[in-house]
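Encoded as structure tokens, the structure appears first; notes follow it.
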Amino acid sequence: MSTDTTGTAARDEGPRPGDPADSPFVRACRRKPGPHTPVWFMRQAGRSLPEYRKIRANVAMLESCRRPELITEITLQPVRRHGVDAAILFSDIVVPVAAAGVALDIVPGTGPVVTDPVTTAADVERIRPITRDDVHYVDEAVRMLVGELGATPLIGFAGAPFTLASYLVEGGPSRNHTKTKALMYSDPDLWHALAGRLAEVALAFLKVQIDAGASAVQLFDSWAGALSEADYRRYVLPHSQAVLAGLADAGVPRIHFGVGTGELLTAMGEAGADVVGVDWRTPLDIATRRVGPQRAVQGNLDPCLLFAPWPVLEAEVRRVLAQGRAAPGHIFNLGHGVLPETDPDVLTRLVALVHELTARGNGRS
Ligand code: CP3
């Protein structure tokens, strides 16, 4: 312990109680024991909540992502309702891309739609680097949220280069990512220029959120599971690595997540995150063997299980927790986002169940 009286002693001793950096969520990300297994849900803010549907009734999605008060309120809604261990910023992966000058919209029921899909080097050049001023509404919202949330950590996020590139090259959501892969295979230089530019945008967006006080970040590579491991390593890994390495000294845990990535988990671990998110297809004990003992895991209940009878759901929660005990740190989550039709009361009950089953002295400590 330091005897320094200049004020550095508190820093040397790490976070104090009541500091989000000492929350169960951040502790689990850092593979430290905590009072219970933390739980939050991807897409916890959104269409499963009547209060969200009400507040969004007359505001377009992208517009709502540019109003700090609205971002703050929507981010807080699931925290108030469910008692989750972390908030996730209400935004979208395409918000920084729009701020970088790409004309796009988020169409209800469809997702992001890009007006002029990327096909040439000139299109890539038009994606400008972003500064805090370009996303000042996110900076303001994060600052407000950190004040409101107190000890509850706020997770910032960004889309990873492959997932962002897929929207930009396809022009919208895609099943097979055909044009994206065709670009990779036919013009690797253009692909790497595009992915490199998107890595810069994602890194800048995450830094804005961390500078404003976010306690952790998640890099979503939702569609990376469409790639073979060899292609992932060749075309995607260096770019995701650049984003995560750029945050190595930022002092907050980094989570990296994708869907259908069972075969990619080892490589995704090498991207450099502290926590690897796992979908429902790969049991967490197997996922832990793949990502290695130096990383925590996050996941991985099938979102469809929220529609199952309670005893079935409870048995599956117990299984996920048991398999998660193989990991050096486990953050309970779904294997992908909350589906819009989900009964929010089931989510609230699920948070209570995870807390109850994992309370210190009642299993894991
Ligand atoms: O609660 C949270 O998790 C925070 C908010 C959040 C949104 N998008 C809000 C949103 C987060 C983390 C995202 C990330 C995001 N956006 C991802 C990665 C996560 C994932 O699910 O894999 C992706 C791939 C996108 C792109 C995107 N934006 C999709 C696929 C959609 C859904 C399309 C639809 O309507 O079915 C969107 C729109 C979107 N983003 C909505 C919300 C709440 C729905 C818009 C609405 O409510 O009208």
Side-chain angles (χ1 to χ4, degrees), residues 39-67 70-82 84 86-98 102 104-114 138 141-142 145 154-168 170-175 177 180 198 202 205-206 209 214 216-226 240 255-261 277-280 298-300 303 333-342 344 347:
V39 47
W40 70 281
F41 304 115
M42 292 183 278
R43 297 289 184 92
Q44 64 191 17
R47 289 166 300 171
S48 66
L49 300 185
E51 58 269 36
Y52 169 81
R53 292 195 292 266
K54 190 166 169 230
I55 203 169
R56 277 283 326 282
N58 295 308
V59 194
M61 179 63 191
L62 259 186
E63 171 62 19
S64 68
C65 294
R66 292 174 178 148
R67 292 195 195 169
L70 206 51
I71 298 172
T72 302
E73 171 56 24
I74 295 173
T75 302
L76 292 173
Q77 285 176 347
V79 180
R80 287 190 204 112
R81 187 190 258 265
H82 304 309
V84 281
I88 179 157
L89 181 76
F90 178 76
S91 188
D92 194 84
I93 56 168
V94 296
V95 165
V97 179
V102 176
L104 58 85
D105 198 6
I106 300 178
V107 177
T110 299
V113 174
V114 174
V138 168
V142 171
L145 277 164
L154 175 69
I155 304 169
F157 74 91
F162 176 75
T163 293
L164 289 178
S166 173
Y167 285 106
L168 295 193
E170 307 289 337
S174 164
R175 191 182 168 84
H177 310 277
T180 314
L198 293 171
F205 191 54
L206 293 171
Q209 297 171 68
V217 289
Q218 178 155 324
L219 187 63
F220 281 97
D221 210 351
S222 302
W223 313 139
S240 296
I255 309 169
H256 194 26
F257 166 78
V259 182
T261 53
V278 183
D279 83 0
W280 62 91
Q298 176 174 279
N300 73 343
N333 205 314
L334 305 178
H336 197 184
V338 173
L339 295 163
E341 309 81 17
T342 305
L347 290 171

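Indexing begins at 1, ligand by ligand and atom by atom, following the structure's order.
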Apply side-chain contact (heavy atoms from CB on, under 4.5 Å) to Phe162 and Thr180, showing your working.
-> CA-CA 9 Å; Phe162 176 75; Thr180 314; 4.0 Å; yes
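- When heavy-atom distances to ligand 1 are checked against a 4.0 Å cut-off, Leu89 comes that close only through its backbone atoms N, CA, C and O.
- Between Glu51 and Arg81, at least one side-chain nitrogen of the basic residue sits less than 4.0 Å from a carboxylate oxygen of the acidic one, meeting the salt-bridge criterion.
- Annotation: atom 48 (O) of ligand 1 to nearest protein heavy atom, Arg56 NH1, 3.3 Å.
- When each atom of ligand 1 is checked for a heavy atom of Ala45 under 4.0 Å away, the hits are 1 (O).
- Residue contact check: Met42 has heavy atoms under 4.0 Å from atoms 3 (O) of ligand 1.
- Note: Phe257 and His336 have tilted aromatic rings, judged against thresholds of 30 and 60 degrees for the angle between ring planes.
- Per-residue contacts place Ile106 under 4.0 angstrom from the following atoms of ligand 1 (heavy atoms of the residue considered): 38 (C).
- Taking only nitrogen or oxygen atoms, main chain and side chain alike, Tyr167 does not reach within less than 3.5 Å of ligand 1.
- A heavy-atom separation below 4.0 Å is not found between Gln218 and ligand 1.
- The closest non-hydrogen atom to atom 11 (C) of ligand 1, taken over Phe157, Phe220, Phe90, comes from Phe157.
- For Phe257, the closest heavy-atom approach to ligand 1 does not fall below 4.0 Å.
- Using a 4.0 angstrom heavy-atom cutoff, Ser91 counts as in contact with ligand 1.
- Scored by the side-chain contact (heavy atoms from CB on, under 4.5 Å) test, Arg66 finds Leu62, Ala98, Tyr137 as partners (sequence neighbours excluded).
- In this structure, Tyr52 is part of the shell of residues with a heavy atom less than 4.0 angstrom from ligand 1.
- With contacts defined as side-chain heavy-atom distances shorter than 4.5 Å, the pair Leu49/His82 qualifies.
- Protein heavy atom in closest approach to atom 22 (O) of ligand 1: Ser222 OG, 2.4 Å.
- When Thr75, Asp92, Leu339 are ranked by how near their heavy atoms come to atom 28 (N) of ligand 1, first place goes to Asp92.
- Looking at atom 21 (O) of ligand 1, its nearest protein heavy atom turns out to be His336 NE2, 3.1 Å.
- Thr75 pairs in a side-chain contact (heavy atoms from CB on, under 4.5 Å) with only one of the listed residues (Leu154, Leu70, Ile155, Val142), which is Leu154.
- Here the heavy atom of the protein found nearest to atom 42 (C) of ligand 1 is Met61 CE, 3.5 Å.
- By the 3.5 Å distance cut-off applied to N or O atoms, Thr163 is not counted among the residues near ligand 1.
- Any N or O atom pair closer than 3.5 Å counts here, and Arg43 shares at least one such pair with ligand 1.
- For Pro112, the side-chain contact (heavy atoms from CB on, under 4.5 Å) partners two or more places apart in sequence, or in a different chain, are Asp92, Val94, Tyr167.
- Residue contact check for ligand 1: Gly109 places a non-hydrogen atom closer than 4.0 Å to it.
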